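Heads up, the thing below is written out as structure tokens.
In what follows, chains carry the letters A, B, and so on, assigned in the order in which the sequence lines appear, proteins first and then strands, with residues in each chain numbered from 1. From a predicted model like this one, the values you see are computed outputs, not experimental measurements.
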Protein chains: 2
Amino acid sequence: MVLDVTEVAGGPHDAVGFLLAQLGTVTARRFREVLTPLGIEPRQFAVLRLVAQSEGQSQQALGDSLHIAPSQMVSLVDELEQRGLVERRANPSDRRVRALHVTAAGRKTLAAAGRLAMEHETRLCEPLQPGERQALIAMLQRLAAAQGLHPGVHPGLDHGS
Amino acid sequence: MVLDVTEVAGGPHDAVGFLLAQLGTVTARRFREVLTPLGIEPRQFAVLRLVAQSEGQSQQALGDSLHIAPSQMVSLVDELEQRGLVERRANPSDRRVRALHVTAAGRKTLAAAGRLAMEHETRLCEPLQPGERQALIAMLQRLAAAQGLHPGVHPGLDHGS
DNA sequence: TATTGTTATACTCTATAACTATA
DNA sequence: TATAGTTATAGAGTATAACAATA
């Protein structure tokens, strides 16, 4: 999905909505670029982290948590598996489900991605004075809550709510 | 372009980058919905406003200002013209260019869109206390400037810089 | 009959490259 | 030859529906 917003007050540049949309797209694109050295996309990072956090879950259970459609989970996990970051294991009690587990390589990649993400965050917040970052986060979280957003859910996937 | 970001610090929910991407997508989607009663999209709103602001410019000049490719301007202006909001007039001195002008209906729609945008902005900023909105805007503008963003440029269109 | 994972299909967006008519 | 507008084409991304295996 593309991001298009052009809001207004006197001009768009002093509207919160416009600034959020503008910064949101750029931030997302930059983060995608940040991850490319690791060969994964932001959504795969999200899946990888969730798998590591609770191993053995089914694809669809993970997809529900991240608001990713089942058919999208397939190709997403396909690539993670091809890169050797994740394993699909059989579930003896229900042979339909594929239990997902992180490999050792997956944990290494996950750690590296976390470091890159932190660097990205630091770089993004560079223009803020100490203390401002926390104030900004508090305000953004209030706006997000008012919009009915769940804290941990990936934006581009969160189409319904 | 789609917005995918999943950032991290301890969790994604306390990262500025994640919150910006999440709020950016939602804000953009809501604004698109806000405009639907008028039958125009956010980008068409941007074009319409720019045409009204400086009449008689060529399509490509406007496209340059908004970072919209020439081929996209065509269908965008096509629809605006079909809805009777904009006119393509011939330029006697150079018969290749199409000078764009707003119609009376276009001005009415533009005014209505401006009102809807302001309502949208107000609704979005409802959770902020008086004064916080200005502080938020100031911080976001600083972040945007640090990312090299031009003030008036539409986010989804701003792919290069 | 319902569910997991998968495949196939269609639809939108975007990017690029041709093409025309003018210059 | 270069430029404004247009058209055509290909690629990504997304959403939906159909399908096989299993429950």
Whole angstrom is fine here: how far is it from [atom1] in [X] over to [atom2] in [N]?
X: A/Leu76; N: D/dA15; atom1: CG; atom2: P; result: 13 Å
X: B/Glu41; N: C/dT12; atom1: CD; atom2: P; result: 12 Å
X: A/Ile68; N: C/dT4; atom1: CD1; atom2: P; result: 16 Å
X: A/Leu62; N: C/dT4; atom1: CG; atom2: P; result: 13 Å
X: B/Asp64; N: D/dT3; atom1: CG; atom2: C1'; result: 12 Å

*salt bridge (charged side-chain N to carboxylate O under 4.0 Å, His left out) contacts in which one or both residues fall within residues 59-76 of chain B, not counting sequence neighbours*: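 Qualifying pairs: none.
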*Can you pull out how bent the helix from C/dT1-D/dA23 to C/dA23-D/dT1 is, comparing the axes over its first five and last five pairs, to 10°?*
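The helix from C/dT1-D/dA23 to C/dA23-D/dT1 shows an end-to-end axis angle of 30°.
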*Between A/Leu149, A/Leu143, A/Leu20, which is the residue that forms a side-chain contact (heavy atoms from CB on, under 4.5 Å) with B/Val26?*
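For B/Val26, the side-chain contact (heavy atoms from CB on, under 4.5 Å) check succeeds only for A/Leu149.
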_Please identify which of these residues, A/Leu80, A/Leu76, A/Val47, meets the side-chain contact (heavy atoms from CB on, under 4.5 Å) condition with A/Val86._
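That would be A/Leu80; it is the only one of A/Leu80, A/Leu76, A/Val47 passing the side-chain contact (heavy atoms from CB on, under 4.5 Å) with A/Val86.
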Only counting residues at least two apart or in another chain, list the ones meeting side-chain contact (heavy atoms from CB on, under 4.5 Å) with [X].
X: A/Arg88; result: A/Gln59, A/Val77, A/Asp78, A/Glu81, A/Arg98, A/Leu100
X: A/Ser54; result: A/Gln57
X: B/Asn91; result: B/Ser93, B/Val97
X: B/Val102; result: B/Leu48, B/Val51, B/Ala52, B/Glu55, B/Arg107

Holding to side chain to side chain donor-acceptor pair (under 3.5 Å), I want the full list of residues that pass it with [X], two or more places apart in sequence or in another chain.
X: A/Arg83; value: A/Glu79
X: B/Glu132; value: A/Arg142
X: B/Gln60; value: none

*Could you list the residues that satisfy salt bridge (charged side-chain N to carboxylate O under 4.0 Å, His left out) with A/Arg96, not counting sequence neighbours?*
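So A/Arg96 forms a salt bridge (charged side-chain N to carboxylate O under 4.0 Å, His left out) with A/Asp94.
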*Contact pattern, 5' to 3', of nucleotides 18-23 of chain D - B, S or - by protein heavy atom under 4.0 Å*: ---BBS
Review item, nucleotides 6-9 of chain D N/O atoms under 3.5 Å of protein N/O:
from  : atom 1 : to      : atom 2 : distance (Å)
D/dT6 : OP1    : B/Arg88 : NH1    : 3.2
D/dT6 : OP2    : B/Gln59 : OE1    : 2.9
D/dT6 : OP2    : B/Gln59 : NE2    : 3.0
D/dT6 : OP2    : B/Arg88 : NH1    : 2.8

